[in-house]
Amino acid sequence: MSDPVPAATDHPGQVASATPPAPGGPRRRRLSDRGLAVAFISPALLLLLGMSVFPLLWALYLSFTDYSATRGGPARFVGFGNYTAILTSAQVHQRALTTVIYVVGAVTLQTVLGFAIAYLISRRTHGRGLLTTLFLVPMMLSPVVVGLFWRFMLDAQFGVVNSMLGSLGLGQVEWLTRQRTALVSLIVVDTWQWTPFIMLIALAGLTAVPRYLYEAASIDRASEWFRFRTITLPLVWPLLLIAVLFRAIEAFRLFDLVYILTSGGPGVSTETLSFHVYKVAFLGFNTGTASAYGILMVLVVIVLTQLYLRYLNKLKEG
């Protein structure tokens, strides 16, 4: 008896498609766009949580305790005791006043000089790139290197600055050891380093001003002051205010220059809030109090930044 002959079909592809896949064969699953996004973002998100969010939350917890890094035993919860002691302390008020004077003085001086230098460079047609590069050199240096460099220059006995003053017949000045000149010296050093930052942003805004506005003003025979007041300054002012915001935040948390140049002295005349927090945390080992300082400084920066951004939005709408 012969085997049955399979029936012929007009569509042989149907037979092949009906054949089930071999068991144990490879199965390929393609990740969706959402899965790929989660896979790529997760490492950076975990790193951000581990290095930024968690220390902030831990500092917030410690600010409500009397924890000390050198004292054994668990931390004792003290509520808002650290915050009350900070806000009612006359020493803190003095450090805050020193910080405000430094921030206002340094940022104002940097803004005026940076915009003036950018305006002069923007008017040149030859050598603009070389001049910009030379002015950017101080900003490229480390703050520690800048602090050591100026500490040697401002030395009362062997400094270059006093040597130049002596050659001109002027008396020597104790730049870093007198209360009247120490904070001024700190402002000058910070201005020397960070004026190029304001200059760079102002120069970007000046080069972005449409040239046809100046051409129309020259056709109308407008004066140089009129063109600066009605064209240049209004168009560059919003960008300049953003640069001022960045510099004010950086100046508010100044630490390295104070540590290298004066260590907060003479006395406490140059002790800013950031340097005071360092002394409380690492010299006095009052970790809970230092955490409360840090949280308050973060809150002050957030509130002032929000008010400043609202002003920028109103300026933009106007």
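Residue indices begin at 1 and follow the sequence shown.
- Around atom CZ of Phe77, more than 12 heavy atoms belonging to other residues, nucleotides or ligands sit under 6.0 Å away.
- The closest side-chain heavy-atom distance from Leu168 to Met164 is not below 4.5 Å.
- Under the 4.5 Å side-chain contact rule for hydrophobic residues, Val146 and Leu134 do not share a cluster.
- Heavy-atom minimum distance, Arg151 versus Leu261: N-CD2, 3.7 Å.
- The closest side-chain heavy-atom distance from Ile295 to Leu56 is below 4.5 Å.
- Taking the six-membered ring for Trp, Tyr83 and Phe64 have ring centres closer than 6.0 Å.
- Smallest separation of non-hydrogen atoms from Pro55 and Leu49: CD-O, 4.3 Å.
- For the atom pair CG of Leu206 and CE of Met199, the computed distance is 11.0 Å after rounding to the nearest 0.5 Å.
- No continuous path of ILVMFWY side-chain contacts below 4.5 Å connects Val100 to Leu273, so the two sit in separate hydrophobic clusters.
- Note on residues 222-246: pairs passing side chain to side chain donor-acceptor pair (under 3.5 Å), not counting sequence neighbours, are Tyr119-Glu224, Arg123-Glu224, Tyr214-Thr232, Glu224-Arg227.
- Between Leu312 atom CG and Leu245 atom CG the span is 7.0 Å, to the nearest 0.5 Å.
- Taking every heavy atom of both residues into account, Asp155 and Gln157 meet most closely at OD2-N, 3.1 Å.
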Practice task
Could you check Leu257 against Thr262 for side-chain contact (heavy atoms from CB on, under 4.5 Å), going step by step and ending with a plain yes or no?
Solution key: CA-CA 8 Å; Leu257 284 182; Thr262 62; over 6 Å; no

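- Summarising the geometry of Pro210 relative to Leu235, their closest heavy-atom pair is CD-CD1, 4.3 Å, with the distance given to 0.1 Å.
- Using a 4.5 Å cut-off on side-chain heavy atoms (C-beta onward), Leu186 and Leu176 make no contact.
- A pairwise comparison of heavy atoms in Pro234 and Pro238 identifies O-CD, 3.4 Å as the closest pair.
- The hydrophobic cluster containing Ile187 also contains Leu97, counting ILVMFWY residues as joined when their side-chain heavy atoms lie under 4.5 angstrom apart, directly or transitively.
- One hydrophobic cluster holds both Trp192 and Val244 under the rule that ILVMFWY side chains link at heavy-atom gaps under 4.5 Å.
- One N or O on the side chain of Arg128 and one on the backbone of Ser122 form a donor-acceptor pair closer than 3.5 Å.
- Transitive grouping of hydrophobic side chains (ILVMFWY, heavy atoms separated by less than 4.5 Å) brings Ile242 and Ile201 into a common cluster.
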Exercise for the section: Just do the side-chain contact (heavy atoms from CB on, under 4.5 Å) check on Ile198 and Arg247 with the steps written out, would you? Expected result: CA-CA 8 Å; Ile198 303 291; Arg247 278 304 307 138; 3.6 Å; yes

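- With hydrogens and angles disregarded, a donor-acceptor distance shorter than 3.5 Å links the side chain of Ser63 to the backbone of Leu60.
- For the atom pair CG of Leu131 and CG of Leu203, the computed distance is 10.5 Å after rounding to the nearest 0.5 Å.
- Residues in residues 265-293 take part in these salt bridge (charged side-chain N to carboxylate O under 4.0 Å, His left out) pairs, two or more places apart or across chains: Arg95-Glu271, Glu271-Lys279.
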Practice task
Given side-chain contact (heavy atoms from CB on, under 4.5 Å), test Thr272 with Phe255 step by step and report yes or no.
Solution key: CA-CA 8 Å; Thr272 59; Phe255 169 77; over 6 Å; no

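- By the neighbour-count criterion of 12 heavy atoms within 6.0 Å, atom CE of Met51 is sparsely surrounded, having that number or fewer from other residues, nucleotides or ligands.
- Between Ile86 and Ala292 the shortest heavy-atom distance is CD1-CB, 3.6 Å.
- Panel note: side chain Asp220, backbone Ala222; no donor-acceptor pair is recorded below 3.5 Å.
- Atom OG in Ser291 sits 8.5 Å away from atom CG in Asn82 (nearest 0.5 Å).
- Among pairs with a residue in residues 293-316, those fulfilling ring-ring contact (aromatic ring centres under 6.0 Å, His included) read His276-Tyr293, at least two apart in sequence or across chains.
- Judged by distance alone, the side chain of Ser68 and the main-chain N or O of Asn286 form no donor-acceptor pair under 3.5 Å.
- The distance from atom OG1 of Thr70 to atom CZ of Phe285, rounded to the nearest 0.5 Å, is 5.5 Å.
- Here the side chain of Thr270 pairs a donor or acceptor atom with the backbone of Gly264 at under 3.5 angstrom.
- Among pairs with a residue in residues 170-184, those fulfilling side chain to side chain donor-acceptor pair (under 3.5 Å) read Asn162-Trp175, Glu174-Thr177, at least two apart in sequence or across chains.
- Considering OG1 of Thr132 and CG of Leu200, their distance stands at 8.0 Å, rounded to 0.5 Å.
- Formation of a donor-acceptor pair under 3.5 Å by the Thr108 side chain with backbone atoms of Gly105 is not found in this model.
- Within the 3.5 Å criterion, the main-chain N or O of Gly147 finds no donor-acceptor partner in the side chain of Gln193.
- The shortest distance between side-chain heavy atoms of Leu136 and Phe197 does not fall below 4.5 Å.
- The neighbour count for Leu47 CG, taken as heavy atoms of other residues, nucleotides or ligands under 6.0 Å away, is above 12.
- Other cluster members for Trp58: Tyr61, Leu62, Tyr67, joined by side-chain heavy-atom distances under 4.5 Å among Ile, Leu, Val, Met, Phe, Trp and Tyr.
- Between the side chain of Asp190 and the main chain of Ala106, no donor-acceptor pair closer than 3.5 Å is present.
- Every pair passing ring-ring contact (aromatic ring centres under 6.0 Å, His included) that includes a residue from residues 88-117 is listed here, sequence neighbours excluded: Phe115-Phe228.
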Handout entry: Chi angles and distances behind the side-chain contact (heavy atoms from CB on, under 4.5 Å) call for Val107, Trp194
Key = CA-CA 9 Å; Val107 175; Trp194 291 110; over 6 Å; no

